Amino acid sequence: MPKWLQDAVFYEIYPQSFKDSNGDGIGDFDGIIEKLDYIQDLGCNAIWMNPCFDSPFHDAGYDVRDYKKTAQRYGSNEDLIRLFDEVHKRNMHILLDLVPGHTSEEHEWFRKSAERTHNEYSDRYIWTDDWFNSPEGMNYVAGESDRNGVYVLNFFKCQPALNYGFLHPDKPWQKEITDPACTATKEALKDIMRFWLDAGCDGFRVDMADSLVKKDDENKSGTSMIWQDIRQMLDESYPEAALVSEWNRPWLSIPAGFHMDFCLDWPGNCYNLLLRDAKDGRNNSFFHKESSRSVLDFFDEYLESYEKIKHKGRYCLITGNHDTIRAAHFLDVTELKLAYAFLFTMPGNPFLYYGDEIGMRYLSLPTKEGGYTRTGSRTPMQWDDTDNHGFSDAAPENLYLPVDSAEDAPTAAAQKADKDSLWHVVKDVLAIRNREEDLKENANLELLYAKKEERAFAYRRGNLLMCCNPAKEACSIEITAGQFPAGSKKIYEIGTADRNGESYVLGAQSFVIWQV
Ligand code: NOJ
């Protein structure tokens, strides 16, 4: 694992909406440079930036038209390299977003691949050999090219699937993973990675990392072979480059070669139950003060994954991301404080989505650039009380997305000035995380207290004990296992909490850290 990654605390930037430096209504690289000190001051030392490459933007840039060229709206390749330099000057690191499974339908490779005559790119994407042969179980497009056959999609209609082959091909148009055409796709991907690593980026968050080999890829063994090969290239030539997967199956992604994977808000996943569990008008998210949930609803599933990979890689918790509904939609400020204190003191590396540090709200907006319901979580960062909340000098109607116009819309400036704000909890807890080696270590989580019928819980990491009571009533818990000596001291507290021998009295909505 790259050394810097062990201590990394990530801040995710959606470049469209972070900071506009030239008044055109959309964020840009220079705007990000302006705000690097803010990110560092908050306690984050690493950045994940969503795709910033040339694109028709039918999926916010996850439809790449040219992997080696930045989208003009954010700045030039040179501007991006300047951003890398500014990041490194501050001893920070930055991941680009790599989209390996598909391109835009406007990518030059795809245009060539759609031509009738056979050429170098004919098999760069997955095409059937005849339009009658529709690819079973896969989405596809017919009727849009001169080429005989239909092509497979990886996500939206604008995103044709790159061809990495099939584990068990059983149709003439399905290729073996080792077919030269599929190997060429993989080599092209490696070439893109080298291009940006040589330019100074520190690694990649990999979009839909599990999506390379198609159909019947049991246990993702075909896809894993490809990533293992890529990891070997990194280990040999770029040992400090990080690979973080959007996969949500760490027991598969870590052996496949990723350093880290995400615990995401996918349907049925335990992470959802912590912050975003609302069905039929009832908010039952664990950190909601009136929830009926036990933290075991999360831990039972999380620990199973964590145990499998704890010495080999990391399973990371997020406050949210560009695909999730903002947590502030489900939790009020006190609830968010407890939730973040929990997320930032858990194993894995924290990922803070821009604006979550001030509890930016989810806005109900029409879809933009393929965002659909995600659009409301992608609005401009609220810096202060100047025009457009300090995001841009453009006229409001020219903004990429509208800013939150509510009277009480949170801003970074106001929260920095208020010692009781969510922003200060984020800063304080991250400062503890950055200071305490026990919180950086990955394989040292012990769940000390959690019961099916109870709301409060406690966990230990090395010499630190964390207790949390998310409920609106005070309670008391007994911790006998993994006990702490009587002289241990409280180093952080939200709400109130006390201990008396084995008894811990936890006030309503409290979170506390004790240190031996
Ligand atoms: C996952 C990304 O996070 C999401 O925003 C995107 O739409 C899909 N992958 C397709 O690339």
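Everything numeric here is computed off the predicted structure, so don't read it as measured data. Just so you know, ligand 1 is whichever comes first in the structure, and atom 1 is the first atom listed for that ligand. Any value given below was found using the heavy atoms of this structure, including those in side chains, with hydrogens, waters and symmetry copies removed.
- In this structure, the ring of W423 has its center no less than 6.0 angstrom from the ring center of Y340.
- Of all protein heavy atoms, the one closest to atom 3 (O) of ligand 1 is D323 OD2, 2.5 Å.
- Evaluation of the ring-ring contact (aromatic ring centres under 6.0 Å, His included) rule for F57 yields no partner, not counting sequence neighbours.
- Salt-bridge formation is not detected for the pair K19/D28: no Lys NZ or Arg NE/NH1/NH2 atom is positioned less than 4.0 Å from an Asp or Glu carboxylate oxygen.
- Remark: W48 engages F262, H322 in a ring-ring contact (aromatic ring centres under 6.0 Å, His included) (not counting sequence neighbours).
- Of the protein's non-hydrogen atoms, D207 OD1, 3.1 Å is the one closest to atom 2 (C) of ligand 1.
- Counting only heavy atoms of the protein, atom 7 (O) of ligand 1 lies nearest to D59 OD2, 2.6 Å.
- In summary, the aromatic rings of F110 and Y125 are positioned with their centroids under 6.0 Å apart.
- Under 4.0 angstrom from ligand 1, there are no non-hydrogen atoms of H58.
- Ligand-side atoms of ligand 1 in range of R374: 4 (C), 5 (O), 6 (C), 7 (O), range being under 4.0 angstrom from any heavy atom.
- Under a 4.0 Å criterion applied to the non-hydrogen atoms of H102, ligand 1 contributes the atoms 10 (C), 11 (O).
- Counting atoms of ligand 1 from 1 in the listed order, those under 4.0 Å from a heavy atom of H322 are 2 (C), 3 (O), 4 (C), 5 (O).
- Under the 30°/60° scheme for interplanar angles, the aromatic rings of Y372 and F156 are found to stand perpendicular.
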